[in-house]
Structure formats: structure tokens, C-alpha cells
Chemist: 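First the structure, which I've put down as C-alpha cells, then a few questions once you've had a look.
As a basis for the values below, the full set of heavy atoms in this structure was taken, side chains included, without hydrogen atoms, waters or symmetry mates.
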Amino acid sequence: MSAEATNPGAHSRRRGLPRIDLRRLGRAALLGPASRDRLPDAMGHVADAHRAHHPDADLSVLRKAYVLAESSHRGQFRKSGEPYITHPLAVTLILAELGAETTTLTASLLHDTVEDTDVTLDQVRAEFGDEVCYLVDGVTKLEKVDYGAAAEPETFRKMLVATGNDVRVMSIKLADRLHNMRTLGVMRPEKQARIAKVTRDVLIPLAERLGVQALKTELEDLVFAILHPEEYAHTRALIADNATAGDALAAISEDVRRVLREADITAEVLVRPRHFVSVHRSRLKRGELRGTDFGRLLVLVGEDADCYAVLGELHTCFTPVISEFKDFIAAPKFNLYQSLHTAVAGPDGAVAEVLIRTHQMHKVAEAGVVALGNPYASVDGAESVDGAGLTAGVEPYDGERVDPTRPGWLSRLLEWQQAAPDPDTFWTTLRADLAQDREITVFRAEGGLLGLPAGATCVDAAYAQYGEAAHGCLGARVNGRLAPLSTVLSDGDTVQLLLDRDAASGPSPEWLDHARTAAARIAITGWLAAHPEAVGTPDAAPRASHALTADRRGAANAVVDLPGATVRLAGCCTPVPPDAVTGFPVRGGVVRVHRQECRAVERMRALDRKPVTVSWGDASECQVTLYVESFGRPRLLADLTETIATAGAAIVSATVEPPSEQRVRHTYTLGLPDAAGLPGLMRAMRDVPGVYDVSRAQHPATA
């Protein structure tokens, strides 16, 4: 990989972070520390960048941290040949440019000392305090000699847990990875590819979720150059061939400035070139690109109300592309991003995308959580409120905590990682979880909100809301209507989960087909692994136990009694009186009861499981699951539910599968006042026009 291939060039840097000559930093570092009353020469750029955001910052602690870092790393060199101290200096400069506060910069200067030198955490704590010590510990890698192949996933698990308490840990890690990616050209191609893939799968999604767009976009370009060199080269040439493309946007920007001046709106109008990956995606989406496709207009104003005033003027004086309008001010993204998005067409038909935001929104849009400062500062402290006026601990509109130490998506990630002790499972699941690049918000019928990834289903909502108690989920209502647990939720849906908290049975294996979140999949997989006898249980398995008694008659090898055994009906065949039944002891002192013709009985006997004779007691109220096969027609569902109600049965849950070749399959779990009425009910349901079969539930037993 050539040096050029790992450096997306000036086009990307115009909108990103400035680069500092590492050789100049290296020469300054080799000169050693400065006198006590001034910063070392190598720290000059960091000091300037830090003072630009924090004019009153005390730089003495940074000088102290640099002296320790420089002395401890002295004699160490990077593969590129520069003194090692240039790396923590560059990482610190990246964070300083983003507006990080002094504690973060102090920890950044020291972030490799414990890992690569004789400096200890106790020494860091003694000289710089608990916060700096925590941040340094959070980004310190675990030793391969202790963890072997699990070192990388376990290091990321450790960083995520630390980030859950202080998001500044991940800020340092992201800046560290950015500088390493900038200088990756000295590595072997296979190592470049491995690091780039981890960056793509883990670090870039984390940067997106933390809102650090300035880091995310440059990381995307660097990964693009390594993993897709041909597409990268084509995009680079395309940008070079359209060097004057900005002229089209510049002309529109002049028109926008004129319109806003005439409306007496104070605004700054900038042309922002797209980064390489953005241009590549636009080309794939639109085919041939026009000049305005190589950048976007950014309008910066002072107040929220000015954003909408600008929007009104643009939509009045230009031709708006309504389909491109999005309001992320009224409804901020889950990563705190706020902006108005629109697009307008110029006189020649060229379409320009426009971003409208306040200066403070822009700061948060670029720096994300880095702009939030110290999460531990008091409300009255200078660093307790970020540029957008967001205070730690305040609940915003969508239920996600503004407190950067624990946004909602991070809380969910931390919860499921505790249930994934195996490093391979954690690593695979983490990458899959982070691959879901959009979130939706659904309303709970009981009040409150749930944040879920796009594509999430009622199964995911159940586990997000109730944790392992969701094992007893019977069904759901979405926007007031009964819906199968497989229903994919949309942004703004209202969901009510129907639970039986006393249920001894659990989730069906089919739930795994509908689970999109790691938390749901891990919980379901764990329960199924602990309850192998439950394989084959359907979504809406009946949870109520009938009036059955269990005894030891017929249990050939049982000289023990089963007094007080808990009796549960198998969901695979839903027995009701007067069915001939048999039972099998399962974990927890439970006897699972099946109809004798159920295929699960054959499976249990093949596994040498000894049956327990059961007999019906009071044959009054019962539950049963019925399958209805029908041809599609209007009002079919209404006629079926009316027939069920006329028979005095209650619908516990119902699902209707999408039509297949004009045929529709319904599943009903019904509560009957008397089991003797079941045959008559089934006959009445068969008589409904369009219905050609009604049968009792009986699922194939899984080997």
C-alpha cells in the first residue's frame, strides 16, 4: 500500500482535522522538556488548539503530563521512524482541535505509558488524580500473553465497560485509532487490512453513535483506501477531474447569501466538500455526478429560530426538493445530532443539498460527545453544559440520556455483553450489533419510550423492556391492534407487550428468526440451551395449567413420589380434556403434558425420557391453540372472530401470516369456558366461508 493510498488527501482535510508534520514534532520532542515556566516546543500546537476552545485553561497539568510521557517513552520509536512521543502528541492534538477539556488531553498524553513503559496506574493516580487514572486504564490494552487470541475482543469489552462510566475513554480510543490509521502505510498489507476491518466494523460505528463526525468521516476515507483501493482510486480521479465542481455550489451560495441579507438574517454560508466515501456513495446512488454533487452548503446561524427562518427563505426563493427535507432539530438523532436538511434547485436545475444549524449545533455535530466536556462537573461548573446547552443527567425528548456517560444504545450494549462471557460470541455479536446503523423510537403503551435499531420486532421490544421476563411474552398489540411477535416496528409505533410473568415455559426457537437485537438473541439462545425439552414450542404457547393431576403410575423406574408437581401443558400440541395425555418430568420440578399422539412424545421416548401418567381433574376452563387455513377474502378475520365470540371463547392471542398463493394461515390461542365445547367450535369455524381447514396445533418435534 503506497503512502498516497492511505492518505485521502487535501480534499478530505479541507473539512476535517489539520495535519501536523510528524517529523517537526519529532525534532521538537527530541530537544527534551522545556523549563518549568513554559510549555515544551512540541506542545505548542496542542496549547494553541486547546486555548482556542478553552481560553482560561490551566496548561500546567498538560506540561506535567508531557514531561512524564516524553521521559517514559524516550528511546522508543514507531515503525515509521519517528520518536514514539509523536503518537500521543498527535492523538492529543486531534482531541484538542475537537474541543476536549484538559482532563481528556492529560489522559491522552499518558494513554500509552502504562501499556508500553514502566509507569504504573498507581503513579498516574498519585500525580494526576482518579479521573485521569480511570481514562488511562480504560484505553490500556490487555496483554496477549495473558489472554491469547481473546486479547483484542476482551480489550474492547473492557473499553466499552469503561466507556459506560466515562465516555471520554472512547473519545481517546477513537483519536488513537485515527492517528494509527493515518500512519498505517508502514505496516504489511495483511495487517493494514486486518486493522482496517476492525476499524470499519467497530470503531466507525462507535464514532457515529457518539456523534464524532469529524473522526468518523476521515476514518471512513482511510478504511476505503485500504479495503477498496480500486474504487478509492476511481473516486480520487473523479474528484480530481472535477476540481472546478465547487464553482457551481459557490454560485448558489452567493445567491443564498443575497437572499438571507435581504431578509435581514445574519448567517454564515459555507461550501463543504464531500469526503471520498460520500462521493462514492453518491455516484452509486445517482450514477453520473453533477458539480453540485461534490459538496453541500452549510448555513450557520445564531439561534434555533433563525434555522427555521433560513429554511423559510430558501423554500420561498428557490425550488425546494421536498423529499430531501428532514428536521433533526425538533427530533434530534440518538447521537445528539441536530440540523435541518433540505435541498434546493438552482435556475439551471442543479440541486444543492443544504444543512442549516446553529454554531453550537455545528460544534456538537462535528465533535459529538467530545464537545460535552467533563461528565462529572457540577451543573454550575464551567464544563457541565455543552455547546448545545445540554446538561448531564437531563432526560431529552426521546428517553435517551443526554448524560454522555450512558446513552441508551450504550446501556443496551453493556447489558447484553454481560450475558456473552465467550469472547468469540461477544466479538461477533458486537460487530453485528454495531452494523445496525439507524435507530427508531417506539412508544410504550404503559408510558415511556424504547430506543431500538431499525428492523427491530416485537420480540426485541419485549426483551428491551422486560429483560428475561420477556420469556413469558404471549403476544403484542402494535398501535392498538393484535400483532404477531414477528412484526417489524416502525419509528413512532406504540407497542404493548402481553406477558404472563408466572409462566414456567419460555421462548420458541422461532423467536430467534425475529430477533434483531443482541440482547434478545442472547437471552433466547441462553434459555433454549438450558431447556432443550422446549424446542418446538410456538410463539403463543398457552401458559395456563389445566386442572391436571400427576402421579407416578406408569413411570417404570420411579420408587419416588411426585407430590405437588407443577403441571404445564406443552405448547406443541395444546392438550385439552378429554384428550389422552402423558407427561414427562422436566427441570424445576415441572411435568410437561403432551397429547399421546404428539410427535414430541416419540422424541422424548427416543431420548430415553421416562413418562409420568397424568389424569384430568376438573375439565372446566382450558386453553387451546388452533390453526385455520383459508382463502383470502374481505371480512374473513371479522367473521372468524365473531364465530369465536359467539361460542363463548376468548381470544388470548392471534396471528395472521401474509397470504401465500391466495391462502392465509391464522393461529389462535383461545380460552374456552368448557373443553367439551371445543369440537363444536372447530365445526363452526370450518363453516365460515373461505375456511377449508381448522386443526389443533401440533408442531414437528425438532431432532
Chemist: Side chains of Thr199 and Arg177: do they bring a donor and an acceptor to under 3.5 Å?
Modeler: yes
Chemist: Answer whether the closest heavy-atom distance between the side chains of Arg182 and Ile94 falls below 4.5 Å.
Modeler: yes
Chemist: Checking Ser171 now: which residues fulfil side-chain hydrogen bond (donor to acceptor under 3.5 Å, both in side chains) with it, not counting sequence neighbours?
Modeler: none
Chemist: Check Val442 against Ser490 and note the closest heavy-atom contact, atom names and distance.
Modeler: CG1-O, 3.7 Å
Chemist: Ring-plane angle category for Phe224 and His280, please: parallel below 30°, perpendicular beyond 60°, tilted otherwise.
Modeler: tilted
Chemist: Quick one: CD on Glu218 to CG on Leu174, what's the gap to the nearest 0.5 Å?
Modeler: 12.5 Å
Chemist: Taking side-chain hydrogen bond (donor to acceptor under 3.5 Å, both in side chains) as the definition, give me every residue that meets it alongside Glu254, ordered by chain and number, with sequence neighbours left out.
Modeler: Arg257
Chemist: Could you check whether any side-chain heavy atom of Arg157 comes within less than 4.5 Å of a side-chain heavy atom of Leu160, counting everything from C-beta outward?
Modeler: no
Chemist: Within the structure provided, determine whether Arg357 and Leu340 are in side-chain contact (heavy-atom separation under 4.5 Å).
Modeler: no
Chemist: Once rounded to the nearest 0.5 Å, what's the spacing between atom CE of Met181 and atom CD1 of Ile204?
Modeler: 7.0 Å
Chemist: Testing the 3.5 Å rule here: is there a donor-acceptor pair between the side chains of Glu220 and His275?
Modeler: yes
Chemist: Identify the heavy atoms of Ala49 and Glu97 that sit nearest to each other, and give their distance.
Modeler: CB-OE2, 3.7 Å
Chemist: Between the main-chain N or O of Val351 and the side-chain N or O of Thr292, is there a donor-acceptor pair closer than 3.5 Å?
Modeler: yes
Chemist: Are His87 and His111 an aromatic pair, judged by ring center distance below 6.0 Å?
Modeler: yes
Chemist: What's the separation between atom CG in Leu270 and atom CG in Leu298, rounded to the nearest 0.5 Å?
Modeler: 5.0 Å
Chemist: Would you call the rings of Phe156 and Trp427 parallel, tilted or perpendicular if under 30° counts as parallel and over 60° as perpendicular?
Modeler: tilted
Chemist: Is the shortest distance from a Lys or Arg side-chain nitrogen in Lys173 or Asp176 to a carboxylate oxygen in the other one below 4.0 Å?
Modeler: yes
Chemist: Is it true that atom CG of Asp264 has more than 12 heavy atoms of other residues, nucleotides or ligands lying nearer than 6.0 Å?
Modeler: no
Chemist: Sequence neighbours left out, what pairs pass ring pair (Phe, Tyr, Trp, His ring centres under 6.0 Å) with at least one residue falling in residues 347-368?
Modeler: none
Chemist: I'd like to check the ring pair (Phe, Tyr, Trp, His ring centres under 6.0 Å) partners of His53; sequence neighbours left out, ordered by chain and number.
Modeler: none
Chemist: Which donor-acceptor pairs under 3.5 Å do the side chains of residues 315-328 make with protein atoms, sequence neighbours left out?
Modeler:
residue : atom : partner : partner atom : Å
His315  : NE2  : Thr342  : OG1          : 2.7
Thr316  : OG1  : Gly312  : O            : 2.7
Asp327  : OD1  : Tyr308  : OH           : 3.2
Asp327  : OD1  : Ile329  : N            : 2.9
Asp327  : OD1  : Ala330  : N            : 2.9
Asp327  : OD2  : Tyr308  : OH           : 3.0

Chemist: Does any N or O in the side chain of Asn165 come within less than 3.5 Å of the main-chain N or O of Ala162, such that one atom is a donor and the other an acceptor?
Modeler: no
Chemist: Measuring from atom CG of Leu289 to atom CD1 of Ile239, what distance do you get when rounded to the nearest 0.5 angstrom?
Modeler: 9.5 Å
Chemist: How long is the span from the CZ atom in Phe276 to the CD atom in Glu231, to the nearest 0.5 Å?
Modeler: 14.0 Å
Chemist: Using the six-membered ring wherever Trp is involved, compare the ring planes of His50 and His54 and label them parallel, tilted or perpendicular (cut-offs 30° and 60°).
Modeler: tilted
Chemist: So which heavy atom on Pro484 is nearest to which on Cys458, and how close?
Modeler: O-SG, 3.9 Å
Chemist: Check side-chain contact (heavy atoms from CB on, under 4.5 Å) between Ala193 and all other residues, then give those that pass, not counting sequence neighbours.
Modeler: Leu227
Chemist: Heavy atoms only: give me the nearest Leu105-Thr92 pair and the separation to one decimal.
Modeler: CD2-O, 3.6 Å
Chemist: Look at atom CD of Glu230 and say whether more than 12 heavy atoms of other residues, nucleotides or ligands are closer to it than 6.0 Å.
Modeler: no
Chemist: Using a 3.5 Å distance criterion without hydrogens, assess whether the side chain of Asp221 forms a donor-acceptor pair with backbone atoms of Val277.
Modeler: yes
